[in-house]
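Indexing begins at 1, ligand by ligand and atom by atom, following the structure's order. This one's a predicted model, so the numbers in the text were calculated from it and none came from an experiment.
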Amino acid sequence: MRMVDIIIKKRDNGELSQEEIDFFIQGYCNGEIPDYQASALAMAILLNGMTTRETTDLTLAMARSGEILNLSKVVPIAVDKHSTGGVGDKTSLVVAPTVAACGLPVGKMSGRGLGFSGGTLDKLEAIPGFRSNLTTEEFIHQLKSIGIVITGQSADLAPADGKLYALRDVTGTVQSIPLIASSIMSKKIAAGAQAILLDVKVGCGAFMTNLEDARVLAELMVEIGKLVKRKTVAILSDMNQPLGQAVGNSLELKEAIDTLRGRGPDDFREHCMMASGYMLALGGHAKDENLGKKMAEASLSSGEAFGRFHDFIHAQGGDVKYVDHPELLDKARIIEEVTSPYNGYLAEVNAREAGETAVLLGGGRERKGDVIDYTVGVIVHHKVGDKVMTGDALFTIYANDEEKMEQAKQKMLAAHRWSDKPVKPLPLYYGTIH
Ligand code: URA
């Protein structure tokens with residue numbers, strides 16, 4: 001087999017066989033296939049697509065490029081949740097302890113933020129001492145002992161995806177539905193959970209900006225999950241405006257802790273309870289997602305979810321003083337509230353602009369490996385549809401640099417749009433794919 005023939009076949013819109021896909025992934029991982037040929041194939045896939053069969057074969061080839069955990073040997077059933085990424089999306093921080101407190105183990109490998117989209121590990125690492133580099137043995141031990149673990153992806157899991165993703169990032173080939181689906185599902189399969197909830201975000205602050213593409217991606221991932229015998233459900237959720245109010249690592253951590261204590265913004269709490277409900281149903285701990293949601297709400301109001309978060313942070317070396325007193329976390333030096341310059345109904349609170357503002361302030365990464373400032377970010381005080389009056393608090397910026405503060409203020413003002421006429425609030429969800 002020759003790599004050039006595989007590239008030509010895909011360039012001419014052909015369907016690759018399982019052997020050809022395995023040949024590509026194995027050769028690329030062991031260094032026999034160079035980056036330029038892998039880039040050419042990635043571009044041909046982006047332009048011509050893949051069938052579900054090809055995408056499943058690619059997913060499995062990438063999953064098999066490293067270790068595949070089998071968590072069924074550790075706990076009766078473990079559940080995982082994956083968000084395709086968004087702004088203000090601190091859902092895992094609430095959902096994982098809530099579901100674990102209901103008796104369903106959650107074993108999760110999370111990522112870091114890149115570009116406008118935030119990452120769960122960065123939010124957790126705002127807690128001094130928190131470790132997100134657990135070994136596989138530590139992961140398994142903690143899942144067994146306290147039923148909750150969130151760590152960084154081990155280098156042994158789906159290494160082909162790590163290599164291919166870095167290449168796609170610099171060759172304009174990230175935005176391909178089969179490549180995104182296989183990238184996400186290969187990691188989920190390798191991480192070993194038997195049930196997976198996929199939270200596919202839709203909107204200007206997400207990878208998928210329109211509902212049709214998001215639906216195609218969600219359907220493809222659910223299909224792959226089923227083909228490999230993982231119970232998989234996808235929800236399509238809104239990412240046109242930030243989820244909750246906080247965007248920025250420490251700010252989001254505080255909002256998640258607040259929510260675990262029964263407070264927090266309504267939209268974020270509702271999203272977390274709904275996602276927890278689906279996970280509990282997927283794991284067989286609730287008859288359906290509505291009963292699951294009720295269980296989740298009970299675990300939140302009894303304080304058990306918060307207690308489990310406490311145990312989890314302690315188990316991973318984090319100083320729990322900051323869980324009990326998040327107000328002790330380091331703060332940004334300059335904090336400024338900006339008020340609404342107009343009367344009207346909010347027609348837009350652009351999630352992407354808010355995410356980019358957090359990056360501009362130093363809270364995110366332009367490039368992999370950039371050092372981030374946990375303290376900076378934005379709190380948005382209103383949602384689309386809210387009526388605001390001149391002088392009402394619109395957003396608050398947390399910065400450590402005067403010039404960036406000014407830029408952030410301008411960017412966040414531009415992220416808001418007003419209408420004279422009433423505006424319908426945005427829905428939280430657009431549908432579920434079973
Ligand atoms: N997230 C992933 O893990 N992979 C992609 O390709 C896109 C988003």
Side-chain angles (χ1 to χ4, degrees), residues 21 24-25 28 38-39 41-47 49-50 54-63 65-66 80-87 89 91-92 108-122 132 150-193 196-210 213-222 224-225 228 230 232 234-237 239 351-352 355 364-365 367-368:
I21 290 170
F24 160 55
I25 290 299
Y28 186 48
S39 314
L41 183 62
M43 187 57 84
I45 293 172
L46 178 129
L47 296 173
M50 276 185 143
E54 284 177 294
T55 312
T56 307
D57 286 341
L58 179 60
T59 306
L60 288 175
M62 292 206 291
S65 67
D80 190 356
K81 167 203 156 275
H82 181 85
S83 159
T84 55
V87 177
D89 188 4
T91 309
S92 294
K108 193 170 154 38
M109 304 223 176
S110 285
R112 293 179 193 285
L114 191 60
F116 63 85
S117 161
T120 299
L121 296 184
D122 297 326
S132 55
I150 303 180
T151 181
Q153 194 194 324
S154 110
D156 309 335
L157 292 188
D161 173 62
K163 203 165 169 199
L164 194 57
Y165 191 78
L167 187 75
R168 287 166 55 212
D169 206 24
V170 293
T171 55
T173 50
V174 168
Q175 295 294 346
S176 150
I177 289 178
L179 291 180
I180 295 175
S182 53
S183 164
I184 292 174
M185 291 306 286
S186 64
K187 286 176 285 204
K188 296 290 108 184
I189 290 165
I196 305 162
L197 176 70
L198 299 165
D199 185 5
V200 179
K201 300 287 187 199
V202 195
C204 64
F207 265 116
M208 297 290 125
T209 51
N210 70 68
D213 284 351
R215 200 178 286 283
V216 172
L217 175 66
E219 284 172 354
L220 186 56
M221 292 196 291
V222 168
I224 294 170
V228 297
R230 310 291 167 108
T232 311
I235 50 180
L236 297 164
S237 60
M239 192 32 77
R352 189 173 181 122
R365 294 183 187 81
R367 248 164 262 158
K368 253 187 181 171

Between R365 and D122 (salt bridge meaning N to carboxylate O under 4.0 Å), is one present in this structure? yes

TODO: Report yes or no: does V174 have a heavy atom closer than 4.0 Å to ligand 1?
DONE: no

the protein heavy atom lying closest to atom 1 (N) of ligand 1 turns out to be I184 CG1, 3.9 Å

Looking only at protein heavy atoms, what sits closest to atom 3 (O) of ligand 1 is K187 NZ, 2.5 Å

Atom 8 (C) of ligand 1 sits nearest the protein heavy atom F207 CE1, 3.3 Å

If you measure every N or O of S183 against every N or O of ligand 1, does any of those distances drop under 3.5 Å? yes

Exercise. Side chain of T209, backbone of G203: donor and acceptor closer than 3.5 Å?
Worked result: no

closest protein heavy atom to atom 5 (C) of ligand 1 is Y165 CE1, 3.2 Å

- prompt: Judged by atom type as modelled, is there a donor-acceptor pair below 3.5 Å linking the side chain of K108 to the main-chain atoms of K81?
  reply: yes

In short, A63 meets I189 closest at the heavy-atom pair CB-CG2, 4.1 Å

Q: Show your working on side-chain hydrogen bond (donor to acceptor under 3.5 Å, both in side chains) between D161 and S186 and close with a plain yes or no.
A: CA-CA 8 Å; D161 173 62; S186 64; 4.6 Å; no

- Message: Does the residue T84 have a heavy-atom contact with ligand 1, meaning some pair of atoms that are separated by less than 4.0 Å?
- Response: no

Donor-acceptor under 3.5 Å (R230 side chain, A193 main chain):
yes

